[in-house]
Amino acid sequence: MMKRKTLLIIICVMLIFVSLPVQASMPVPDLLPFGQLDLDEEPVQGAEGTEGGEPAAENGTPVDGGTQEDAEESAMEILEEDTIGSGMILIADKTAEDYALAYERAKNANWGYTNLGISNVSDNLNIRAIAAEDGRLVGKLPKDAACEVIDMDDTWAHIQSGEVDGYVSRDYLLTGVPAKFRAEELAVTVATVTTDSLKVRAEANTDSEVITLVPRGEELEVSAVEGDWVKVFLDDDEVYVSGEYVEVSAELGTAITMSELLYGQGISDVRVDICQYAKEFLGNPYVWGGTSLTKGADCSGFVLSVFKKYGVTLPHSSRAQANCGTTIKVSEAKPGDLIFYGKGKTINHVAIYIGGGQVIHASNPRTGIRISKVSYRSPFKAVRILQD
């Protein structure tokens, strides 16, 4: 009897060991729950660079935003490159906060845009209220400026950029991977002022001369970070601000609203014309000593050439131009008047006031001709050249 029991036990053990390889060779069902991120999933054949299996456009630009691949790469970084799938489901230790952080980092990889678009024009791209060529203009997207692509069809893209929401032609908008590559070339590191009045100094120490004051919210282009100090561009000078009172980040340009391009009532036609003419050269290059509105000009060369078209002769020097015309209060400036800025007590920059608290000027080699707030640095004086 004892022998029979022993024999039965041996047979049962043998049957168990024989069955194990068979079970191990059977396919394991996918245990990944619905809604879980699957970063190992291969893209659908023929849908490379697009979402939903839609074909890519003929010019190689993905039809949709094309940011999923970038999002996956950034998500993998935050998740420490762990494989997420059926093999990990029983030992997964990632929390909802981990996945939320992965999503935010993927978004930040595109400079805050989830579906990035870049204006691909030589000057400005019109933004219209409706998806039609005769739609009302609501703003302009400057060359190489960024936008959030909300929706697209074969002809139009619905976008948001800065304070502008509207439609632009698909023919002049980069999206997907081409937009990401272009943005990497264009992104500018800026220091955003976080205090009410930031002192800008000539050197990186508190004993150095205060050149000017910059208000809260103003963005200064960063040249370098040097310990507790940030070297920034102030027009065509390199100066310093305390890193304690700025927030450094990478930024892309955004759209300009129509209100920033238009003027109030009571302004003479010649003043409006001068401002409109000056804006035709937005984005053109800054060249020290230059006077060409297309090939390059410095600050006083830009002003000189704009006013020359209207029969006004000005010297090629910001200090000399400050002695022309009539000195007025900055608060009294009208479109077409000149605003001067200084380094300490010496004038070293000039801009044209265009109304709405803004100036247009040839700023520096990085930005070229641009629009800024009149208070982007402390104004030194204002001069009226047009006596109307």
Side-chain angles (χ1 to χ4, degrees), residues 108 111-112 142-146 161-163 183-256 260 282-288 298-300 302 318 330 339-354 356-380:
N108 290 338
W111 299 273
K143 174 185 177 182
D144 294 331
S161 181
E163 299 179 4
E184 287 174 350
E185 299 173 357
L186 298 170
V188 175
T189 303
V190 300
T192 304
V193 179
T194 58
T195 188
D196 289 339
S197 187
L198 178 64
K199 294 177 180 178
V200 178
R201 297 183 182 273
E203 302 294 338
N205 61 76
T206 54
D207 295 328
S208 178
E209 171 195 5
V210 175
I211 295 173
T212 190
L213 301 175
V214 176
R216 181 186 294 273
E218 191 63 41
E219 294 180 349
L220 301 167
E221 290 180 63
V222 174
S223 172
V225 176
E226 300 179 1
D228 295 334
W229 293 85
V230 181
K231 183 190 287 187
V232 298
F233 289 97
L234 187 68
D235 296 318
D236 55 349
D237 285 331
E238 287 187 313
V239 293
Y240 292 86
V241 295
S242 171
E244 183 179 355
Y245 302 109
V246 295
E247 184 176 292
V248 178
S249 61
E251 301 288 342
L252 295 167
T254 55
I256 301 172
E260 291 172 322
L282 270 174
N284 283 357
Y286 173 101
V287 174
W288 188 86
D298 58 16
C299 64
S300 60
F302 173 66
S318 58
V330 173
I339 306 294
F340 292 88
Y341 301 89
K343 184 175 183 178
K345 296 182 178 180
T346 303
I347 289 173
N348 71 341
H349 194 69
V350 60
I352 302 173
Y353 185 67
I354 58 174
Q358 295 182 315
V359 293
I360 186 169
H361 57 137
S363 180
N364 61 63
R366 285 194 175 189
T367 60
I369 298 169
R370 68 187 300 185
I371 291 175
S372 301
K373 295 176 183 177
V374 70
S375 60
Y376 80 99
R377 56 189 284 198
S378 300
F380 191 92

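The model shown is predicted, which means the values in this text are computed figures rather than measured ones.
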Could you tell me whether the side chain of Trp229 reaches within less than 4.5 Å of the side chain of Thr206, counting heavy atoms only? yes
Taking the side chain from Arg377 and the backbone from Gly342, do they hold a donor-acceptor pair closer than 3.5 Å? yes
Any non-hydrogen side-chain atom of Phe233 less than 4.5 Å from a side-chain atom of Glu238? yes
With no hydrogens and no angle check, is any side-chain donor or acceptor of Ser378 less than 3.5 Å from a backbone partner on Thr212? no
So which heavy atom on Gly344 is nearest to which on Glu209, and how close? CA-OE2, 3.3 Å
Going through the checks in order, is the side chain to side chain donor-acceptor pair (under 3.5 Å) test met by Asp236 and Tyr286? CA-CA 9 Å; Asp236 55 349; Tyr286 173 101; 2.7 Å; yes
Could you check whether atom NZ of Lys231 has more than 12 heavy atoms from other residues, nucleotides or ligands sitting under 6.0 Å from it? yes
Crowding at CG, Asp228 (>12 non-hydrogen neighbours, <6.0 Å): no
Closest non-hydrogen atom pair between Ile339 and Pro379, with its separation: CG2-CB, 4.0 Å
Check His349 against Ala362 and note the closest heavy-atom contact, atom names and distance. CE1-O, 3.3 Å
What do the steps show when you test Glu218 against Leu198 for side chain to side chain contact (heavy atoms under 4.5 Å, CB included), and what is the final call? CA-CA 10 Å; Glu218 191 63 41; Leu198 178 64; over 6 Å; no
Separation between CD1 (Ile354) and CD1 (Ile371), nearest 0.5 Å, reads 4.0 Å
Taking side chain as C-beta onward, heavy atoms only, is Val246 less than 4.5 Å from Leu220? no
Are side-chain heavy atoms of Val210 and Leu213 found at a separation under 4.5 Å? yes
Locate the shortest heavy-atom distance separating Ser208 from Ala202; write the atom from each residue and the value. OG-N, 3.3 Å
Just by modelled atom types, is the Tyr245 backbone N or O under 3.5 Å from a matching donor or acceptor in the Thr194 side chain? yes
Do His361 and Tyr341 make a side-chain contact, defined as non-hydrogen atoms from C-beta onward lying under 4.5 Å apart? no
Are Arg370 and Glu219 ion-paired here, with the side-chain N under 4.0 Å from a carboxylate O? no
Ser372 side-chain N/O to Val359 backbone N/O, donor-acceptor pair under 3.5 Å: no
Please tell me if the side chains of Ile352 and Phe302 come closer than 4.5 Å, counting only heavy atoms from C-beta onward. yes
Of all heavy-atom pairs linking Ser318 and Ser300, the shortest is N-CB, 3.6 Å
Do you know the tightest heavy-atom contact between Arg366 and Val222? NH1-O, 3.2 Å
